[in-house]
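What follows is a short report on a single structure.
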Amino acid sequence: MTRRVLTVTAAGAALVVSSLLGPGAAAADDPSARDLVDQAKKNLLDAESVRLRLTDHSTDTRTSRTQPVSMDLALDQDGNCAGTLRMGAGGGRVEIVKRGAEVWMKPDTAFWKAQVPGGQGDAVAELLKDRYLHGSTHDAMLRGMAETCDLTSFQKEITADSSDARRLTKGAPTKVDGTEVIPLKGTAEGKRVVLYVTSDTPHRLVRATQKGGGTDLALSFSDYGRPVPSKTPPAGESVDVDKLQDELRNA
């Protein structure tokens, strides 16, 4: 089987957050809007762990079988993570667990067919029989997926300079998932954006949306500082990457 890199990362999400929270954010008519953005950015950068949920209904994403339209991941600065991703255009779903350098992922048949060329996707799904594929971050098949779990890389993307100048205005207080928030409205890269920052201290980013020009996505942040679940799949429910390669060669 071709050792194709399964590249499904949160880099796009990080770049969106960077464009929203990057340098140059200015308040239009209320200086405290700037303070809220600065504090929300600092608390996101300081977070040792966080739960990230992405919903992306953008045109390009919905029609791609290899890009996630939804993602729900708990991840930390040590590179640990646990969660699920669902691809667009019927590209399937995958569960992922990472502890240190070890990676487990359990894609469904639709995912394998979208990611692995020819009829080998069906063959991989049949050999795995709903078990996890287990290996390390050094394996080409798992490396791209494992990069999704790196909160530190995500945070570095957020610190990147943004050349987009924005003016943010405060909206009326509201609630997001039961949390009191203040919406901050503006534009980034010509698209409408709204940042929902907690009303109480510490001011944290709870939700960010971006719409316009074919883009329609939402990012939610929760569980700041909560440890990533440490449970890993048992050996009986996992197949080693090298063993899978051997079985495919002998099939």
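Because only heavy atoms are used, hydrogens play no part in the values below, and waters and symmetry mates are left out as well, while side chains stay in. Bear in mind the structure is a predicted one, so any value in this text is a computation, not a measurement.
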Output for pair (Arg53 CZ, Thr84 OG1), nearest 0.5 Å, gives 11.0 Å
Backbone N or O of Leu205 within a donor-acceptor pair of the Asn43 side chain at under 3.5 Å?
no
Would you call Met87 and Pro68 a side-chain contact if the rule is heavy atoms closer than 4.5 Å?
yes
List for me each residue that meets salt bridge (charged side-chain N to carboxylate O under 4.0 Å, His left out) alongside Arg207, sequence neighbours excluded, and say none if there are none.
none
With the side chain counted from C-beta on, respond yes when Gln115 and Thr66 share a heavy-atom pair under 4.5 Å apart, and no when they do not.
yes
Under 3.5 Å, side chain of Arg131 to main-chain N/O of Glu237, donor-acceptor pair present?
no
Give the minimum heavy-atom separation between Ser238 and Pro233, together with the two atoms involved.
OG-CB, 3.8 Å
Do Val69 and Leu217 belong to the same hydrophobic cluster, where Ile, Leu, Val, Met, Phe, Trp and Tyr are linked whenever their side-chain heavy atoms lie under 4.5 Å apart, directly or via other members?
no
Please collect all ring pair (Phe, Tyr, Trp, His ring centres under 6.0 Å) contacts where either partner lies in residues 53-108, sequence neighbours excluded, each pair once.
Trp104-His134
More than 12 heavy atoms from other groups under 6.0 Å of NZ on Lys113:
no
Ignoring hydrogens and geometry, is there a side-chain-to-backbone donor-acceptor pair from Asp76 to Gly79 under 3.5 Å?
yes
Look only at the side chain of Lys175 and the backbone of Asp177, and say whether a donor-acceptor pair between them is shorter than 3.5 Å.
no
Separation between OG1 (Thr169) and NZ (Lys185), nearest 0.5 Å, reads 7.0 Å
In the single-linkage hydrophobic clustering (I, L, V, M, F, W, Y; side-chain heavy atoms under 4.5 Å), do Val239 and Val94 co-cluster?
yes
Please walk me through it: do Glu48 and Gln77 pass side-chain contact (heavy atoms from CB on, under 4.5 Å)?
CA-CA 6 Å; Glu48 294 183 358; Gln77 291 182 336; 4.0 Å; yes
Pair Thr137, Lys98 - check side-chain contact (heavy atoms from CB on, under 4.5 Å), show working.
CA-CA 9 Å; Thr137 53; Lys98 181 175 178 289; 3.4 Å; yes
Say whether, by atom type as modelled, one donor and one acceptor occur between the side chain of Gln67 and the main chain of Thr61 under 3.5 angstrom.
no
Minimum heavy-atom separation for Ile96 to Cys149, with atom names?
CD1-SG, 3.9 Å
Taken to the nearest 0.5 Å, the spacing of Gln155 CD from Ile158 CD1 works out to 6.5 Å
Minimum heavy-atom separation for Thr209 to Ala218, with atom names?
CG2-CB, 4.0 Å
Is any side-chain heavy atom of Lys170 closer than 4.5 Å to a side-chain heavy atom of Leu184?
yes
Can you hop from Leu142 to Tyr132 via hydrophobic side chains spaced under 4.5 Å?
no
The reported gap from OH in Tyr224 to CZ in Arg51 (rounded to nearest 0.5 angstrom) is 13.5 Å
Under a 4.5 Å cut-off applied to non-hydrogen side-chain atoms, are Trp112 and Leu133 in contact?
yes
Looking only at atom types and distance, does a side-chain atom of Thr55 sit under 3.5 Å from a main-chain N or O of Ser70, one as donor and one as acceptor?
no
Between Leu73 and Thr148, is there a side-chain heavy-atom distance shorter than 4.5 Å?
yes
For Leu75 and Asp150, run side-chain contact (heavy atoms from CB on, under 4.5 Å): C-alpha distance rounded to whole Å, both residues' side-chain angles, the deciding distance at 0.1 Å, then the answer.
CA-CA 7 Å; Leu75 60 167; Asp150 194 341; over 6 Å; no
Working for side-chain contact (heavy atoms from CB on, under 4.5 Å), residues Asp200 and Glu180
CA-CA 8 Å; Asp200 296 331; Glu180 296 280 353; 5.5 Å; no
For a quick test of reading the model, state the closest non-hydrogen atom pair linking Val228 to Ala82 and the distance between them.
CG1-N, 4.0 Å
Short side-chain to backbone donor-acceptor contact, Asp72 and Gly83, under 3.5 Å:
no
Taking atom OG1 of Thr215 and atom NZ of Lys191, what is their separation to the nearest 0.5 Å?
4.0 Å
Taking every non-hydrogen atom, the tightest pair across Val193 and Ala188
CG1-CB, 3.8 Å
What are the two closest heavy atoms between Arg65 and Ala110, and how far apart are they?
NH2-O, 4.0 Å
Just by distance, do the side chain of Thr198 and the backbone of Pro202 share a donor-acceptor pair under 3.5 Å?
yes
Side-chain contact test, heavy atoms from C-beta onward, threshold under 4.5 Å: evaluate it for Lys106 versus Val97 and give yes or no.
no
Can you tell me if CZ on Arg226 sees more than 12 non-hydrogen neighbours from other groups inside 6.0 Å?
no
Nearest 0.5 Å, please: how far is CG in Asp139 from CG in Asp242?
6.5 Å
Would you say the side chain of Val50 lies within less than 4.5 Å of the side chain of Phe154, judging by non-hydrogen atoms?
no
Does any donor atom in the side chain of Asp60 or Ser58 lie under 3.5 Å from an acceptor atom in the other side chain?
no
